[in-house]
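Reading through the structure tokens given below for one structure.
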There are 2 protein chains.
Amino acid sequence: MGRRQDLIDTALRLFYEHGIHAIGINQVLQEAGVAKQTLYNHFESKDSLVEAAVEHRDKLFFQWLESRMNSQPAGREALMEMFDAVHDWFNDRVPSLQRFYGCFFINTCGEYSDPDHPVHRRCAAHKTKVFELLKRHALEICTSETEADELANALFLLKEGAIVKAHVEGDLDAALKAKAIASRMISPH
Amino acid sequence: MGRRQDLIDTALRLFYEHGIHAIGINQVLQEAGVAKQTLYNHFESKDSLVEAAVEHRDKLFFQWLESRMNSQPAGREALMEMFDAVHDWFNDRVPSLQRFYGCFFINTCGEYSDPDHPVHRRCAAHKTKVFELLKRHALEICTSETEADELANALFLLKEGAIVKAHVEGDLDAALKAKAIASRMISPH
DNA sequence: TTAATGGTAGACAGATCTGTCTATTTTGGT
DNA sequence: ACCAAAATAGACAGATCTGTCTACCATTAA
């Protein structure tokens, strides 16, 4: 299981930093130290490798975020912790997520605009999973399902907006500002 | 001024739909009906054409958004109108902005991660311009500069989040949900 | 010892990429 | 009508792209 994972790790690292269409298979092979035939033994095409990279990033990111949130009491504290977590991410304090180049899933959808493409679908599935995670915690502090849905949605939009602002404009405090807004939304009383 | 603009229009259309590195110069030339030498008379490289396309999209988008907001009284109404405007954009009711494929500037930064690259800088400048537009209107209804800054920031993050959610997850009502949140933030009293 | 497995190295095909060059034609101003 | 500027078609170079193929090597199991 070594070579396959080496390929995925290297591909993800390069795709995330430079975009997918900007990176050729040969560069992945060279930096991974793997022969070309080995790649095509494990994957039937470059797109297939891309899918595996997206899947891997999904696992890496989601498990990291979930465990960060689980380090706090469910509900309000966990939701606030999310903003501290992405703040660490923006400021390159999460080595397992690599240096910050925005959201890999957002960036990837920019290169795969067709919503039916398997790569785009995996990115969408990731975002939905994160939303559901937020909603689980929102349910802890809301009195109705729809209220929880609305809260989770608001926090989700703030988080996505912060990612974009941090990456495009280089605003490294975007997460903290988003947290301040979120904080006022949850307990403005 | 005909050929040069034809090239920019065609390049922008293709870059926006498929991403920049996925589109070759030859395809732009063919679809624009322009000869290769003509391109290199007007632009010194593909990157130079990319810059022009980003600049053009900036002008197109900003003027459209500004005029939509100016159709309403400055302040609260104009800020709310922003969400209606992007809602129309998400649902393909703004022909001048082309079919919706997310935010061209966000997508482009996904392919040009270096924040010092001219293309990335132009994208950042666009976002900053939009933020300043929001802040101008926020100042109309806020009692202090910092309060206006915070309001503009909150609305900006909600808008960016909605763009991402609409594109990645295909949520065509993302703008309306963002508007509802924003509405509660401006006048919760 | 032999056979199967899985990796390596690298040539190769065929397509496509950016950018240059030449030679011809079209266009617009005077 | 004439001339200069601008656009055209298309060959071309040199690089790079994905994917296939062959030949060789290392390990391991029968």
Side-chain angles (χ1 to χ4, degrees), chain A residues 1-57 104 107-108 110-114 117-120 122, chain B residues 1-57 104 107-108 110-114 117-120 122:
Chain A
M1 286 288 138
R3 297 280 109 97
R4 185 187 154 94
Q5 195 56 45
D6 286 347
L7 286 169
I8 292 174
D9 290 346
T10 304
L12 174 58
R13 174 172 60 81
L14 294 172
F15 291 161
Y16 179 39
E17 175 166 359
H18 298 103
I20 292 167
H21 290 105
I23 296 295
I25 284 296
N26 293 320
Q27 190 177 347
V28 176
L29 294 171
Q30 191 198 327
E31 299 208 14
V34 167
K36 186 173 276 195
Q37 189 54 44
T38 304
L39 187 153
Y40 286 101
N41 283 342
H42 289 291
F43 306 96
E44 70 172 352
S45 65
K46 180 188 179 181
D47 249 34
S48 171
L49 175 61
V50 172
E51 277 192 67
V54 172
E55 183 186 11
H56 183 56
R57 178 81 185 179
F104 181 59
N107 297 349
T108 297
E111 298 197 65
Y112 291 84
S113 57
D114 179 3
H117 192 289
V119 169
H120 190 121
R122 276 185 193 270
Chain B
M1 287 287 136
R3 300 278 163 245
R4 185 188 154 92
Q5 196 56 45
D6 285 349
L7 285 169
I8 292 174
D9 290 347
T10 304
L12 175 57
R13 175 172 59 80
L14 293 171
F15 290 161
Y16 180 39
E17 176 166 358
H18 298 103
I20 291 168
H21 290 105
I23 296 296
I25 284 297
N26 292 319
Q27 190 177 347
V28 175
L29 294 172
Q30 190 198 327
E31 300 207 16
V34 166
K36 186 172 278 196
Q37 189 54 44
T38 304
L39 187 153
Y40 286 101
N41 283 341
H42 289 290
F43 305 96
E44 68 171 353
S45 66
K46 181 189 180 182
D47 249 34
S48 170
L49 175 62
V50 172
E51 277 191 68
V54 172
E55 183 185 11
H56 183 57
R57 179 80 185 179
F104 181 58
N107 297 350
T108 297
E111 298 197 66
Y112 291 84
S113 58
D114 178 3
H117 192 290
V119 169
H120 190 119
R122 276 184 193 272

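Below, chains carry the letters A, B, ... as their sequence lines are ordered, and counting in each starts from 1. What's counted below: heavy atoms across the whole structure, side chains too, no hydrogens, waters or symmetry copies.
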> Between C:dT20, C:dT8, D:dT8, which nucleotide has the shortest distance from any of its atoms to the side chain of B:Arg3?
Replying inline: D:dT8
> B:Ser45 has a side chain; which of D:dA7, C:dT8, C:dG19 sits nearest to it?
Replying inline: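 Selected nucleotide: C:dG19.
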> Is a donor-acceptor contact shorter than 3.5 angstrom present between the side chain of B:Lys36 and the base of C:dG19?
Replying inline: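 Indeed there is one.
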>> I'd like to know if A:Lys46 reaches the base of D:dG19 with its side chain, counting only an N/O donor and acceptor under 3.5 Å.
In response: no
Atom-to-atom span, [atom1] of [X] to [atom2] of [N] - whole angstrom:
| X | N | atom1 | atom2 | answer |
| --- | --- | --- | --- | --- |
| A:Asn41 | D:dT20 | CG | P | 11 Å |
| A:Asn26 | C:dT16 | CG | P | 17 Å |
| A:Gln30 | D:dT16 | CD | C1' | 13 Å |

>> Using a 4.0 Å heavy-atom cut-off, does B:His21 contact any base of the nucleic acid, only the sugar-phosphate backbone, or nothing at all?
In response: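 B:His21: no heavy atom of the nucleic acid under 4.0 Å.
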>> Working to the nearest 0.5 angstrom, can you tell me the gap between B:Ile20 CD1 and B:Leu49 CG?
In response: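 Nearest 0.5 Å value for the CD1-CG distance: 9.5 Å.
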> Are the ring centres of A:His117 and A:Tyr112 closer than 6.0 Å?
Replying inline: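 Close enough - the centres of the two rings lie under 6.0 Å apart.
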>> Nearest heavy atom decides the nucleotide; on that basis, is B:Gly33 or A:Glu44 closer to the 5' end of DNA chain D?
In response: B:Gly33
> How do A:Gln37 and A:Ile25 order along DNA chain D: which one's closest nucleotide is nearer the 5' end?
Replying inline: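 Looking at the nearest nucleotide for each, A:Ile25 comes out on the 5' side.
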Within less than 4.0 Å of OP1 or OP2 of [N], is there a side-chain N or O belonging to [X]?
| X | N | result |
| --- | --- | --- |
| B:Thr38 | D:dT8 | yes |
| A:His42 | C:dG6 | no |
| B:Arg4 | D:dA6 | no |

>> Pairing donors with acceptors under 3.5 angstrom, does anything connect the side chains of B:Asn26 and B:Gln30?
In response: no
> Are A:Glu111 and A:Asn107 close enough that a side-chain donor and a side-chain acceptor fall under 3.5 Å?
Replying inline: no
